[in-house]
Amino acid sequence: MTEIQNLAALHDYSRKLLYVYLKPLEAIDPYKEYEAYGVKLNSIYWLVGHITWAEHNLALRGVVGKPLDIPWLDRFAFGTTLETQDGMPNFATIMATLNQVHEESQRSLNALDDSELDKPNLIPKAFGDSPKRRVLQHMIRHEPMHQGQLGWICKMSGVKMF
C-alpha cells in the first residue's frame, strides 16, 4: 500500500466512527441547537454539513484539484453559522452528499501517486505553501474533532453510546 493509500484508508477508517455517532442520533432532531454554559453549540445538521465541506475542500479541491459542483456546500465552511436557512438543503440531502463526497474522495485519492504528496496544495490561502500531505493529515485530524462534538450531543440528548 502506498503512503497516499494509507492516508486515504486512515480517513476512511475514521469516517466509520462518524456513523457510530450518527446512527443513534437518527431519533434526534438534526436541526436542534444546543447550548452549554451559555455557549451556542453546532447542530447535528451543521456538523455533518461542515464535515462534508471539509472533506470536499481538503481532499477534492486541495489535493486532487477536482471539486464537485455542490452550490450550497460553502455555506458550511469554517467560520459559518446557520442563522439564515434560506436555500439550504434538507438533512437527507446533506447525508447523501456526505457519502458522495467521501466516495469520490476515496476513489480519487487512491488513484494518485505518492509523488503528489510533496507538491504544494491547491488551496494556499488556507494552508500556505504546505504540501498536499499536510492537507490530508489535517483532514484526518479534523473529522474526529467534530465526531467528539456529536458525542457531546449524544450525552446531552440522553443517547447511550457504549
Side-chain angles (χ1 to χ4, degrees), residues 4 7-8 10-22 25 28-110 112 116-117 119-154 156:
I4 200 161
L7 291 168
L10 182 57
H11 186 255
D12 190 51
Y13 180 70
S14 174
R15 175 56 58 89
K16 288 172 178 39
L17 182 59
L18 177 65
Y19 293 106
V20 169
Y21 287 108
L22 288 176
L25 286 171
I28 305 299
D29 177 6
Y31 304 98
K32 180 179 179 182
E33 294 179 342
Y34 297 83
E35 190 174 302
Y37 303 103
V39 176
K40 191 175 178 181
L41 305 176
N42 295 315
S43 65
I44 298 167
Y45 174 83
W46 188 88
L47 287 166
V48 174
H50 178 70
I51 289 167
T52 305
W53 169 83
E55 181 174 17
H56 181 265
N57 192 51
L58 298 169
L60 295 179
R61 181 174 284 134
V63 174
V64 177
K66 294 182 182 174
L68 302 174
D69 183 22
I70 308 169
W72 49 263
L73 199 54
D74 281 343
R75 294 177 82 179
F76 293 94
F78 179 75
T80 62
T81 63
L82 288 178
E83 293 173 10
T84 305
Q85 291 288 329
D86 297 341
M88 296 296 281
N90 63 30
F91 189 63
T93 299
I94 290 179
M95 287 298 298
T97 306
L98 172 80
N99 294 325
Q100 174 194 9
V101 166
H102 187 65
E103 288 170 13
E104 183 62 23
S105 170
Q106 288 291 303
R107 187 191 64 72
S108 298
L109 290 174
N110 279 298
L112 293 178
E116 286 293 315
L117 292 173
K119 292 180 180 176
N121 78 81
L122 302 172
I123 45 175
K125 184 176 181 183
F127 286 91
D129 62 356
S130 65
K132 292 179 179 183
R133 177 183 288 104
R134 291 287 175 260
V135 173
L136 290 178
Q137 290 168 339
H138 173 73
M139 180 178 72
I140 292 165
R141 179 213 56 82
H142 174 265
E143 188 165 320
M145 178 185 67
H146 290 301
Q147 291 170 4
Q149 291 175 315
L150 290 168
W152 279 108
I153 292 173
C154 287
M156 290 187 292

task: Considering non-hydrogen atoms only, spot the tightest contact between S43 and I153 and give its length.
output: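 That closest heavy-atom pairing would be C-CD1, 4.3 Å.
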
task: Grab the two heavy atoms, one from P144 and one from R141, that are nearest each other, plus how far apart they are.
output: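 Between these two residues, the closest heavy atoms are CD-O, 3.4 Å.
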
query: If you measure only the distance, is there a donor-acceptor pair under 3.5 Å linking the side chains of S14 and E143?
result: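 No, no side-chain donor-acceptor contact under 3.5 Å.
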
message: I'd like to know whether CH2 of W152 has more than 12 heavy-atom contacts from other residues, nucleotides or ligands below 6.0 angstrom.
response: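 It does not: W152 CH2 has 12 such atoms or fewer within range.
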
message: With a sphere of 6.0 Å drawn around OH of Y13, does it hold more than 12 non-hydrogen atoms of other residues, nucleotides or ligands?
response: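 Not more than 12 within 6.0 Å, no.
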
Is a side-chain N or O of [X] found less than 3.5 angstrom from the main chain of [Y], in a donor-acceptor match?
X: K132; Y: K119; value: no
X: Q106; Y: A8; value: yes
X: N121; Y: G62; value: no

Any side-chain heavy atom of [X] within less than 4.5 Å of one from [Y]?
X: V101; Y: L68; value: yes
X: V64; Y: E104; value: no
X: L73; Y: N57; value: no

task: Please find out if less than 6.0 Å separates the ring center of W53 from that of H50.
output: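 Yes, ring centres under 6.0 Å apart.
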
- prompt: Can you list the residues that meet the side-chain hydrogen bond (donor to acceptor under 3.5 Å, both in side chains) rule with N110, with sequence neighbours excluded?
  reply: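 So N110 forms no side-chain hydrogen bond (donor to acceptor under 3.5 Å, both in side chains) with any residue.
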
task: Measure the acute angle between the ring planes of H11 and H102, then classify it against the limits of 30° and 60° as parallel, tilted or perpendicular.
output: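 H11 vs H102 ring planes: tilted.
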
task: Describe, in one word, how the ring planes of Y45 and Y31 are oriented to each other, choosing from parallel (under 30°), tilted (30 to 60°) and perpendicular (over 60°).
output: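 The rings of Y45 and Y31 sit tilted, inter-plane angle from 30° to 60°.
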
